[in-house]
Amino acid sequence: MPVGPGPRPTPGPAPRYRGRFAPSPTGPLHQGSLVTALASWLDARAHGGVWIVRMEDLDEPRCVPGAAEDILAALSRLGLHSDEPVVRQSRRHAYYEQALASLTARGLVYPCGCTRREIADSLVRVHARHRTLAYPGTCRQGLHGKTARAWRLRVPDGDAARIRFEDRWMGTQIQDLSTEVGDFVLKRADGQWAYQLAVVVDDQAQGMTDIVRGADLLDSTARQIYLQACLDAPTPRYLHVPLVLADDGEKLSKQNGAAPLVLDTPAAALVALKNAAAHLGLPASLGTLSHGDDFLAAATQAWRVRYGR
Ligand code: GLU
């Protein structure tokens, strides 16, 4: 019988705030990613905490050569410096392997031989009336002659599947992993580690107490909270900031025309920071400051007043 996560450890005294900005180096920093970088930096500073940059460079087909260095150079021009050496996920395969092995040993993981096409077909059959996109658990009981392609985490059924958390910006969130997500992938069919596994392993290894990131990842958070429980990792606090949208209504990205930030002068960097602060709802009075350091100090104070819980 598969075993679920054990009881959560009793919390001790609150650890010192540790937060991060975790860009995927798929292109240069743009106004959308700057909003996330700035929000995570301000939240860490407002709490007297540590802010670390982590390069999420695992998805080899999507990573662009040189993008990681471009992002780091842009952050530096903006005055946002990682307090600890930058961590690169591409050097951490052994830790993901270890986590997968420990979950497998506990009967929580199974191989899946479904192709995307097969999953789409069975979803239409099984879930057409419910309009959900949850993986229907086809390979839960075995591969039935298929070849293992991906590795999936079993999610619980019933009440245990309902994950509830308080997002500091978005409020109470509830997701039923069983009906809304299904058993999710930890290692992909192309051999790459899934974002969900790597992010949970690294947030735990780096002792992250607070996650501040874009609202596109709100939907991944319940999966990560469940995975934390399975790996006996503490659950950090979460704050998801509203996305910067492109003209097509989608998250601003390289694909829909996000322009790389041009930060060739301190004045240009200051304008980019001011635009990001305005998106985050910080007071317009910040717009009058004319020096980057003064701006960051005042923005930290403004963030503390608004979101400093
Ligand atoms: N690497 C992810 C991204 O660039 C962010 C991951 C996270 O903050 O959890 O969208």
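Predicted model only: the values in this text are computed from it and were never measured. One-based numbering, in listed order, for ligands and for the atoms of each. Residue numbers start at 1 and run along the sequence shown. The figures here come from the full heavy-atom set of this structure, side chains too, leaving out hydrogens, waters and symmetry mates.
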Indicate whether the side chain of Gln224 and that of Tyr195 have a donor and an acceptor atom separated by less than 3.5 Å. yes
Can you find a side-chain donor-acceptor pair between Arg304 and Gln301 that sits under 3.5 Å? yes
Any non-hydrogen atom of Gln224 lying under 4.0 Å from ligand 1? no
For Phe21, state whether at least one heavy atom is located under 4.0 Å from any atom of ligand 1. no
[atom]: the protein heavy-atom neighbour that sits closest, reported with distance to 0.1 Å:
atom                   : answer
atom 8 (O) of ligand 1 : Arg20 NH1, 2.7 Å
atom 5 (C) of ligand 1 : Ala22 O, 3.3 Å
atom 6 (C) of ligand 1 : Glu56 OE1, 3.2 Å
atom 3 (C) of ligand 1 : Ser24 OG, 3.5 Å

Atoms of ligand 1 less than 4.0 Å from [X] heavy atoms?
X      : value
Arg213 : 7 (C), 8 (O), 9 (O)
Val199 : 9 (O)
Tyr195 : 6 (C), 7 (C), 9 (O)

Using the benzene-type ring in the case of Trp, are the ring centres of Phe21 and Trp41 under 6.0 Å apart? no
Looking at Asp210, Thr209, Asp43, which hits side-chain hydrogen bond (donor to acceptor under 3.5 Å, both in side chains) with Tyr17? Asp43
Please work out, at 4.0 Å between heavy atoms, whether the side chain, the backbone, both, or neither of Leu217 comes within that distance of ligand 1. side chain
What distance do Ser82 atom OG and Arg20 atom CZ have between them, rounded to the nearest 0.5 Å? 12.5 Å
Would you give the length of the straight line joining atom CD1 of Ile52 to atom CZ of Arg18, rounded to the nearest 0.5 angstrom? 4.0 Å
All heavy atoms of Val244 vs all of Gln31, minimum pair found to be CG2-O, 4.3 Å
